[in-house]
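I have placed the structure first, in the form of structure tokens, so that the comments after it can refer back to it.
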2 protein chains.
Amino acid sequence: MLLERLQERIPADRLQLDPAVTASYAHDEAEWAPHGTPLVLVRPRTAEEVQEVVRACIEHGVPVVPRGAGTGLSGGANAIDGCVVLSTEAMTSIAEIDPVERLAVVQPGVVNDHLRSACAEHGLWYPPDPASSPWSTIGGNVATNAGGLCCVKYGVTADYVLGLQVVTGTGELVRLGRRTAKGVAGYDLARLLVGSEGTLGVITEVTLRLRPQRPPERTVAGYFSSVVDAGRAVTAVGAAGIVPSALELVDRHCLEAVDQWKKMDLAVEAEVILLARCDVPGAAGDDEADAIRDCFEQAGATWAARSTDQDEADALFAARRLAYPALERLGPVLTEDVCVPKAAVPEMLARIEAIGKRHATLIANIAHAGDGNLHPLLITPRGDDAARVRAQRAFEEIIDEAIALGGTVTGEHGIGLLKRDGLVQELPAAVLDLHRAVKAALDPHGILNPGKVIAAPADGGAPGPADRG
Amino acid sequence: MLLERLQERIPADRLQLDPAVTASYAHDEAEWAPHGTPLVLVRPRTAEEVQEVVRACIEHGVPVVPRGAGTGLSGGANAIDGCVVLSTEAMTSIAEIDPVERLAVVQPGVVNDHLRSACAEHGLWYPPDPASSPWSTIGGNVATNAGGLCCVKYGVTADYVLGLQVVTGTGELVRLGRRTAKGVAGYDLARLLVGSEGTLGVITEVTLRLRPQRPPERTVAGYFSSVVDAGRAVTAVGAAGIVPSALELVDRHCLEAVDQWKKMDLAVEAEVILLARCDVPGAAGDDEADAIRDCFEQAGATWAARSTDQDEADALFAARRLAYPALERLGPVLTEDVCVPKAAVPEMLARIEAIGKRHATLIANIAHAGDGNLHPLLITPRGDDAARVRAQRAFEEIIDEAIALGGTVTGEHGIGLLKRDGLVQELPAAVLDLHRAVKAALDPHGILNPGKVIAAPADGGAPGPADRG
């Protein structure tokens, strides 16, 4: 019946029923998150087609699971049995790039790097740069409030979302937010939708704030003999009042995995590298780069210097971006995404190391260290069930320690399914009730990606908005 | 009964029943917005006292109207007959300023300038700088998402709110948001509360993101013989890819009013002044200042120069900040707050001028011009009812024109009561329904500043969340 309605209302080439195809759209890259089998995959091209899909799902009580490129790491785009998977991959138009207003209007399926290139042609810059930027889409970036390397100075995706066009949980096609530089007309519903992982509305268009292109960056690298020393250097940079344009940590496991794969000849003689960038123009930028190097040295770097070789600097950052897929080649990777206060970075890294030892689990580390956003990557040999059990326990203990140190269970990957228990651990019951109240208000039929972020009522979650007053 | 409950639960010195006192807490500075007579004024000192007040109001079905310093310009803090006015003025503690995490934790009654001074002692900077900063409080700034002069480069209050402690509509005391640099654990409820004007929760504590102190600013001034020329200069700065740290417009009416009041000897030989600031360090900053001056000249400035006299530059900015109170001395001021796309600034200024002529209304202009956020100030002679009618009509036409040019009815002052019709004009019915759904979800008893932002159901507004699917 749902299928018939869809076939009536949207062009046939948007629908895909072949199980061999739909299976590949049934999950994102969260290796360990469960997923079901979709009824149908829909790839709409217009907002109106998205609206038809959502209205049909409301009418037939069928869940709709929106997805971008499927590069998520929390299971937020994982299919529910019998659901409609709504992929925005065919909605790739860049409607507008306006250099005076410094904004872009794009369909949700535009790939992050494609937008960045298009902006560069107008002398503009779209900062958010998740490591998935060559593949991930703006719609997915917005739905998860994606971070990246630039966040330490330039903020996250949410900081660049001016407005959204969305299909609501009641099937309305509406615009939220604005095109002007400022505006406080009503509640900030656009911001509420950002990071809501498709549970409060389906994004059909995004209006993004842009920046002017910036001057070339300098790179400072530091080698450390322990993650804890590197963590101390991160704290020192913060304490010195420096805001680098990137401050990344990569450990030897990552660099070796990338080197084995890509033969980049990284030849790193360190347990851990810190990579900082600095984009302040002129002499002030040189001073800042020197100050970062001094922080590295004072924290115990075995070697630290401003890079004079741009190719070498770019190779190190490329290695950082390739770390995740490189490690995946070694076996299933369980990706952590905790974020702790900057001052807690050394202690958190020490605790992660201890957890890895305690559970005999190989933990590689990449981190947006300047934000305290750590990505311990738990790697298990393929087919080793005992190792998976140990890794799962280590994963949970990392969450416990992050919360104990005043941190959060997810810095940028989102809750999805993988961190749903973590969310319940992090937030008090009264705040979870507020989440349920908002979800019930904006998705009254319970069809928008149900069970993601918070458990659906049918999953045994609390019913609707509870009055604890 | 409500009074008895309050007297039981919170210390007597927090309560004020004297009508002479409560009357002065019955409205904010929105000259023309209606207000009622409060039952009682409460000045709590702790979050727990705020919670007692909200719980008592829930139990007795009495509205609570939160307020900061009452410097609002939209009637958002105006009393409802028989309500509890909850002033946060006694909650003035700065609990924490952390230079490593670059954050501050404050009670809502802390005055903006006091926080800025306290931050400066730690080498830190809290950017949001509404013109009311010597008086307005952080709680009020957050509740209205206040803007200011710095927004053009550094964003608005919302961009600095990491976390909130609030009393919810069900009387729970909860923390929303976070202390870490990044975090996507659940819906962004902290951001939803920012700018919600006390209608979704009462703020009891704010965790604010800070920046390192910045280098001294350069000032560039430009004199223009028409607001339209000045508007063209603003568009030119945007088109040149320049992001000044302030870009303000002040017209002759404002400067003369300030001069008459403060005898600052401004001696301005122009119809309109643009004041730009630039805080890029070193030679790059000099280049930027020169580029701004060139934009001014190309747009037809009769005179433009980088200020070499810091006192003179400061006096011009001080005059900008004093414009509103200076004009109030001349008669009741109806303050507009529209925001239009940057490219539409010249056209919008021309239309404002035409509207003033058409309705024989004196309109002075101040503007955060770089953001397209214009504050036409409609001044009427005291006691002249016909002039008030004309001014009201002009006010409405300015709103019409701002919407027609792709703008919004409020850039930074909020909806309150004064812009409630404007909001209905700006937003489609389906988006207003979303507002009502969120309001009903988070304020199920309808006691949180009812009737502000959106009409309360009893006022003839639509009932609850409507399903238009």
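Throughout, protein chains are lettered first and strands after them, A, B, ... in sequence-line order, and every chain is numbered starting at 1. FYI, side chains are in, hydrogens and waters are out, and symmetry mates aren't considered; it's all heavy atoms of this structure.
- Across A:K182 and B:C339, no two heavy atoms sit closer than the pair O-SG, 3.5 Å.
- Using a 4.5 Å cut-off on side-chain heavy atoms (C-beta onward), A:V438 and B:L442 make contact.
- Using a distance-only test at 3.5 Å, with no hydrogens or angles considered, a donor-acceptor pair links the side chain of B:R102 to the main chain of A:G238.
- For the pair A:V184/B:E197, no side-chain contact is recorded, criterion being any heavy-atom separation below 4.5 Å from C-beta on.
- With contacts defined as side-chain heavy-atom distances shorter than 4.5 Å, the pair A:T180/B:D371 does not qualify.
- When heavy atoms are compared at a cutoff of 4.5 Å, A:L200 approaches chain B solely by way of its side chain, counted from C-beta outward.
- Between the side chain of B:E101 and the backbone N or O of A:K342 there is at least one donor-acceptor pair closer than 3.5 Å.
- Considering only heavy-atom pairs separated by less than 4.5 Å from chain B, the leading option among A:N373, A:L432, A:V453 is A:N373.
- For chain B, the option among A:I242, A:D159, A:L124 with the highest count of heavy-atom pairs below 4.5 Å is A:I242.
- By the 4.5 Å heavy-atom criterion applied to side chains, B:Y187 and A:L434 are not counted as neighbours.
- B:V243 is not listed as a side-chain neighbour of A:R211, based on a closest heavy-atom distance of 4.5 Å or more.
- When side chains are defined from C-beta on, A:E172 does not count as touching B:V431, because their heavy atoms never get closer than 4.5 Å.
- The side-chain heavy atoms of B:L192 and A:L189, taken from C-beta on, include a pair separated by under 4.5 Å.
- Highest contact tally toward chain B, considering only A:A284, A:A236, A:G155, A:A185, is held by A:A185 [criterion: heavy-atom pairs under 4.5 Å].
- Counting heavy-atom pairs under 4.5 Å between each of A:P428, A:P212, A:G282 and chain B puts A:P212 at the top.
- Among all heavy-atom pairs drawn from B:I415 and A:G186, the shortest one is CG1-N, 3.7 Å.
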